[in-house]
**Q** 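Before we start, here is the structure in question, set down as structure tokens.
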Amino acid sequence: MRAETDRLILRPWEARDLEPFAALNADPEVMRFFPARFTREETAAYIERVAAMADTGFGFQAVEEKASGDLVGVVGMAPVKPEYPSAPAVEVGWRLAKNHWGKGYAQEAARGWLAYGFGTLALTEIVAFTYVNNIPSRRVMERLGMTYDASGDFEHPGLAEGHPLRPHELYRLKTEDFRA
Ligand SMILES: CC(C)(COP(=O)(O)OP(=O)(O)OC[C@H]1O[C@@H](n2cnc3c(N)ncnc32)[C@H](O)[C@@H]1OP(=O)(O)O)[C@@H](O)C(=O)NCCC(=O)NCCS
């Protein structure tokens, strides 16, 4: 998927992204709600894995700031893994470099993806989920018009029982509630 919003370009990964994306994934503050930071090799493997999704129309892709050409972070959409209780569904997600927080870029990029999902892909619903105490991420969901589904609370299946980051909350957005 390739799209432009007012201030951003949503595009596939390029070789020049590895350096800044590895730095983002190694930043303890950016990764504070993830079980671990990524090594450079893990970042390279992640890019390869999500890039392989491109043929399906889904993917977690690069977000570039038009004004500077900087990599802002990763935003994208993908089918929820089958081991998650909310599957089958399509999720939208985001992770930005700290110097690009507080500018509205997560919502702006997510809106680009939602427009593509509800438009081109003709999806009827898109979900998002996050660790319960990730307030900035929940704010993004709320600003996008997503609704918290109390019946969707779940324990992250990829984390061991008792892991403090396990409790997750689910938000939903129906196509008729989306205003680009
Ligand atoms: C979650 C995350 C992407 C949110 O980033 P963010 O910058 O807070 O979110 P947005 O890009 O939507 O920006 C919203 C903020 O920008 C401000 N803003 C400034 N200019 C704006 C504009 N033109 N439009 C909208 N908002 C604007 C808003 O007031 C808001 O600030 P507030 O939260 O203090 O009210 C970011 O915190 C992050 O990358 N966290 C680490 C990774 C992570 O946890 N990802 C989610 C895993 S589920």
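Order of listing sets the numbers, starting from 1, for every ligand and every atom in it.
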**Q** Assess Arg138 for proximity to ligand 1: is some non-hydrogen atom of it under 4.0 Å away?
**A**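 No, Arg138 has no heavy atoms under 4.0 Å from ligand 1.
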**Q** Between Val30, Asp6, Val72, which one has a non-hydrogen atom sitting closest to atom 42 (C) of ligand 1?
**A**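 Nearest option to atom 42 (C) of ligand 1, by heavy atoms: Val30.
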**Q** Check each of Ala97, Gly93, Gly102 against atom 16 (O) of ligand 1 and report the one with the nearest heavy atom.
**A**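 That would be Gly102.
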**Q** Just to be sure I'm reading this right: ignoring hydrogens, which of Arg139, Met141, Arg143 gets closest to atom 35 (O) of ligand 1? Compare them by their nearest heavy atoms.
**A**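 That would be Arg143.
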**Q** Measure Lys103 to ligand 1 on non-hydrogen atoms and call it side chain, backbone, both or neither using the 4.0 Å cut-off.
**A**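 It is the backbone that gets close, since no side chain atom is under 4.0 Å.
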**Q** For ligand 1, indicate whether the residue Arg32 contacts it via side chain, backbone, both or neither (heavy-atom separation under 4.0 Å).
**A**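 For Arg32, no heavy atom sits under 4.0 Å from ligand 1.
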**Q** Taking 4.0 angstrom as the limit and counting only heavy atoms of Thr130, give me the atoms of ligand 1 inside it, by number and element.
**A**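 Matching atoms, with element in brackets: 48 (S).
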**Q** Flag the pair Lys174 and Glu176 as a salt bridge only when some basic side-chain nitrogen lies within less than 4.0 angstrom of an acidic carboxylate oxygen.
**A**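 Between Glu176 and Lys174 there is no salt bridge, as every charged N stays at least 4.0 Å from the carboxylate O atoms.
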**Q** Give a yes or no on whether a salt bridge exists between Arg11 and Asp17, defined as a side-chain N under 4.0 angstrom from a carboxylate O.
**A**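 Counted as a salt bridge, because a side-chain N and a carboxylate O are separated by less than 4.0 Å.
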**Q** Among protein heavy atoms, which sits nearest to atom 44 (O) of ligand 1, and what does the distance come to when rounded to 0.1 Å?
**A**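 Scanning the protein heavy atoms, the shortest distance from atom 44 (O) of ligand 1 goes to Asn134 ND2, 2.8 Å.
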**Q** Is there a polar contact between ligand 1 and Val140, counting only N or O atoms under 3.5 Å apart?
**A**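 Looking only at distances, the answer is no, because the N/O contact criterion of under 3.5 Å is not met.
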**Q** In Å and rounded to the nearest 0.5 Å, what is the CZ to CZ distance from Phe21 to Arg40?
**A**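 Rounded to the nearest 0.5 Å, the CZ-CZ separation comes out at 13.0 Å.
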**Q** For Tyr105, take its heavy atoms, then give the atoms of ligand 1 lying under 4.0 Å from any of them.
**A**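 In order of numbering, the contacting atoms are 11 (O).
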**Q** Looking only at N/O atoms, are Gln107 and ligand 1 under 3.5 Å apart anywhere?
**A**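 Yes; the residue has a nitrogen or oxygen that sits under 3.5 Å from a nitrogen or oxygen of the ligand.
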**Q** Less than 3.5 Å between some nitrogen or oxygen of Gly104 and one of ligand 1, yes or no?
**A**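 Yes, there is a polar N/O contact under 3.5 Å.
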**Q** Can you tell me which portion of Arg7 lies within the under-4.0 Å heavy-atom range of ligand 1? Options are side chain, backbone, both, or neither.
**A**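 It is the side chain that gets close, since no backbone atom is under 4.0 Å.
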**Q** Please work out which of the three classes, parallel, tilted or perpendicular, describes the rings of Phe154 and His168, given edges at 30° and 60°.
**A**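 The rings of His168 and Phe154 sit tilted, inter-plane angle from 30° to 60°.
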**Q** Under 4.0 Å from a heavy atom of Phe129: give me the atoms of ligand 1 that qualify, with their elements.
**A**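 Ligand 1 atoms under the 4.0 Å threshold to Phe129: 48 (S).
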**Q** Can you list the atoms of ligand 1 that are under 4.0 Å from a heavy atom of Pro136?
**A**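 Listed by number with element, the hits are 37 (O).
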**Q** Any atoms of ligand 1 less than 4.0 Å from a non-hydrogen atom of Arg95? List them with their elements.
**A**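 Every atom of ligand 1 under 4.0 Å from some heavy atom of Arg95: 39 (O), 42 (C).
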**Q** Which label fits Tyr84 and His156: parallel for a plane angle under 30°, tilted from 30 to 60°, or perpendicular past 60°?
**A**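 Plane angle over 60°, so perpendicular.
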**Q** Are Glu142 and Tyr148 close enough that a side-chain donor and a side-chain acceptor fall under 3.5 Å?
**A**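 On atom types as modelled, these side chains do not qualify, holding no pair under 3.5 Å.
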**Q** Between the candidates Ala109, Ala106, Ser137, Ala110, which shows the shortest non-hydrogen contact distance to atom 5 (O) of ligand 1?
**A**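 The option holding the nearest heavy atom is Ala106.
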**Q** Which ligand 1 atoms does Phe34 reach within 4.0 Å, using its non-hydrogen atoms?
**A**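 Going through ligand 1 atom by atom, the ones under 4.0 Å from Phe34 are 42 (C), 43 (C), 44 (O), 47 (C).
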